[in-house]
Enquirer: 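Have a look at the structure that comes next, please.
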Amino acid sequence: MAWGTASTTLMHRSKLFNQTRWQLAVWYAAVMGTILGLAGFTTYQMVAHSHWEAVQQELQSIAGTLHDSLEPKLKQPGQLEPAVQTVLPNLCLADHHCSLLPEETERHTLNAFQQSGYYIRFFDQSGILLATAGQVPTGLSTQLHDRNWQTLNDANSVRYQQYSLLLKNYQGLPWGYMQVGRSLKEFDDHLVFLKLTMLAGLPVTIVLIALASWSLAGLAMQPIYRSYQKMQQFTADAAHELRTPLATIRAIVESIRDVDCLTTAEMQEALAGVDRQNQRLVQLAQDLLLLSRLEVSSETLGNQTATAQPACCLNDLILDVVESLSVVEMAAPIQLITQIQVQELLHVAGDENQLVRLISNLLTNALQYTPAGGMVTVTLAQEDQDALIHVQDTGVGIAVADQPHIFDRFYRVSCDRSRHTGGAGLGLAIAKAIVQFHHGRIRVTSELGRGSTFTVYLPLLQTGRGHA
Ligand code: ADP
C-alpha cells in the first residue's frame, strides 16, 4: 500500500505521465460531452416532435368532430343557422360584441375549445369572417390559406397552430371555411424549459465527467506506470550487471597492452580471465532471453502455454538433476537426499529442458546457501491434481523482509554473498517464470539460520493423454 502511494506520488511528478493523463481526461470529456450533446439534442427533437404531433392530432380531431356535427345543420352558403349554436353555445357573430366567457357553461361534447387557448373561426367562401367561438386572440391574421395547417402569431407574439377546412352544407355544396386553432404557449414554454435545463445541465455534466475521467485516467495509468518503473529498474540492473564483466575485460586488455612482452603463461591467464567474463556475459544474455521468451509465451498463449507440450516424467527429471549435481555435493560436504514419495510416475505437460532448469536452479541455490555439513532434501509428492516438488535445505535461510522479493529479477539478498556464488539474481526469477509457464505455483518458507523450503506445485497431466 505504501509502495502504491509512493508510486502514485512519483507518477504525479512524471511530466510524461501527467501530460498523458491530462490528454486522456480532456479527450474523454470531449468525447463524452459530444455524445451527451448529441443525445440531448436528439431527445429534445423527439420530445418536441411528439408534442407537436399531439397538438396536431388534437386540433384535427376537434375539427373533424365539429365538421361532422355542423355540416348537416348548414343550409345557405355563408349563413350560420341558429341550429349551429346547439353545437357551439359560445358562438359569437362577427358584427356582435360577445363576452369572452359564455354564460352558458353547461357541459358540452365539444367544450374542449372553451378551455383557454382554443378558438374557432367561420369564414364565407370569399374569406369574410362570419363568427368566432372560444378565445380568439387579438391581432391574429384572418387571411384564408390554401394549406390546412398554419402557424400564426398574435399581437403579443404568442404562437398559434391553426387547422382550416372547407365546410359543405347538408346538400353537399360548398358553404365556407372553418378554422380551429390553439395557443402554442404551453408547448413553447415547455420546450424552452427543456432546452434551458439541457443547456445548463450539459456544462455541469461535462465538468463532472472531466473530474471523473481525470481520476479514472490516474487509476488506469497506475499499472502502466508500475511496469514503466519496473522496466526502468530492469534496464538499470541489466546495465549494472553488464558493467562488471565488461570493465574486467577492459582492465585485462589494458594490462596486456601496458606490458611489452608477455610470457605464454601470463597470456594464458589473461585469456582465461577474458573467457570467464565472456562466459558470464553469455550466461546473462541467455538467462534474460529465456525470461523474456517465457513471459511472452505466458502472456500471448495464456492457458495453452504448456498444455500443448509433451509429457515429462518428474521422477526421472529429479533423479537426473540430482545425479548431475552430485559432483557439487562431493566438492562440499553437504548431504543431498532424494525422496520420491509416490508409487507411480508423475507426469506433467511441459518443456523438459525448462523443468530441468527449474529443479536445478532450486537445488543449486540450496547447495550454495547451505554451509558444509548441512543437508539438502528434494522430495517428489502428489497433492490432489498437483505434483509437489519440495527443495528443503538447512542453510542460511532468508529474512522475512526479503522473501517477497527473491523472485524479482536481479534481486539478491546479499550482493556480496551472491557475487561470491556468481549469481546475477536471475535464478529464482527464471524458476518462477518456468513454473508460471507450466501453470503452477511456487512458494517459499524460510527462517534465518535454520534453512529454507521451496515448494513447486505443477498440475499433473490429465489421464487420457499418452505418456512420453
Ligand atoms: P542468484 O542466482 O544470485 O543466487 P537467485 O534469484 O537464485 O539469485 O536468488 C535470489 C536471492 O535469494 C539470492 O540472493 C539468495 O540470497 C537468495 N536465496 C535463494 N535461494 C536461497 C536458499 N535456498 N537459501 C538462502 N537464500 C536463498
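Atoms within each ligand, like the ligands themselves, are counted from 1 in listed order. From a predicted model like this one, the values you see are computed outputs, not experimental measurements.
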Enquirer: If the threshold is 4.0 Å, N to carboxylate O, is there a salt bridge linking Glu241 and Arg412?
Expert: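 The answer is yes: the pair qualifies as a salt bridge.
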Enquirer: Quick one: do Lys195 and Asp188 make a salt bridge, cutoff under 4.0 Å?
Expert: no
Enquirer: Are any of the N/O atoms in Leu428 less than 3.5 Å from those in ligand 1?
Expert: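 In this structure, Leu428 places an N or O atom under 3.5 Å from an N or O of ligand 1.
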Enquirer: N/O to N/O below 3.5 Å, does that happen between Gly427 and ligand 1?
Expert: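 Yes, Gly427 has an N/O under 3.5 Å of an N/O on ligand 1.
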Enquirer: Under 4.0 Å from a heavy atom of Phe454: give me the atoms of ligand 1 that qualify, with their elements.
Expert: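 Heavy-atom distances to Phe454 below 4.0 Å select 20 (N), 23 (N).
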Enquirer: Are Leu66 and Ile120 packed together at the side-chain level, in the sense that at least one heavy-atom pair is separated by less than 4.5 angstrom?
Expert: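 They are in side-chain contact.
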Enquirer: Any side-chain heavy atom of Thr379 sitting closer than 4.5 Å to one from Leu388?
Expert: no
Enquirer: Is the shortest N/O to N/O distance between Val396 and ligand 1 below 3.5 Å?
Expert: no
Enquirer: Has ligand 1 got any nitrogen or oxygen that is less than 3.5 angstrom from a nitrogen or oxygen of Tyr369?
Expert: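 For ligand 1, there is an N or O atom that lies under 3.5 Å from one belonging to Tyr369.
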Enquirer: Quick one: does ligand 1 sit under 4.0 Å from the side chain of Val413, the backbone, both or neither, non-hydrogen atoms only?
Expert: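 Both parts.
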Enquirer: Is there at least one pair of N or O atoms, one from Gly425 and one from ligand 1, spaced under 3.5 Å apart?
Expert: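 Such a contact does occur with ligand 1.
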Enquirer: Minimum distance, heavy atoms only, to atom 12 (O) of ligand 1: which one of Ile406, Thr370, Val376 is it?
Expert: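 Among Ile406, Thr370, Val376, the closest heavy atom to atom 12 (O) of ligand 1 comes from Ile406.
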Enquirer: For the 3.5 Å polar cut-off, considering only N or O atoms, please tell me whether Arg412 and ligand 1 meet it.
Expert: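 There is no such contact.
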Enquirer: Distance-only check: which donor-acceptor pairs under 3.5 Å involve side-chain atoms of residues 23-38, not counting sequence neighbours?
Expert:
from  : atom 1 : to    : atom 2 : distance (Å)
Thr34 : OG1    : Ala30 : O      : 2.7

Enquirer: Mind checking what makes ring pair (Phe, Tyr, Trp, His ring centres under 6.0 Å) contact with Phe234, not counting sequence neighbours?
Expert: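 Counting only residues at least two positions away or on another chain, Phe234 forms a ring pair (Phe, Tyr, Trp, His ring centres under 6.0 Å) with Phe410.
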Enquirer: May I ask you to decide if the ring planes of Phe17 and Tyr228 are parallel, tilted or perpendicular, using 30° and 60° as cut-offs?
Expert: tilted
Enquirer: Can you tell me if Gly395 contacts ligand 1 (heavy atom of the residue under 4.0 Å from the ligand)?
Expert: no
Enquirer: Can you list the atoms of ligand 1 that are under 4.0 Å from a heavy atom of Ala366?
Expert: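 Result: 23 (N).
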Enquirer: Which atoms of ligand 1 are found less than 4.0 Å from any heavy atom of Tyr411?
Expert: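 Selected atoms, number and element: 10 (C), 11 (C).
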Enquirer: Is Arg159 salt-bridged to Asp154, cutoff N-O under 4.0 Å?
Expert: no
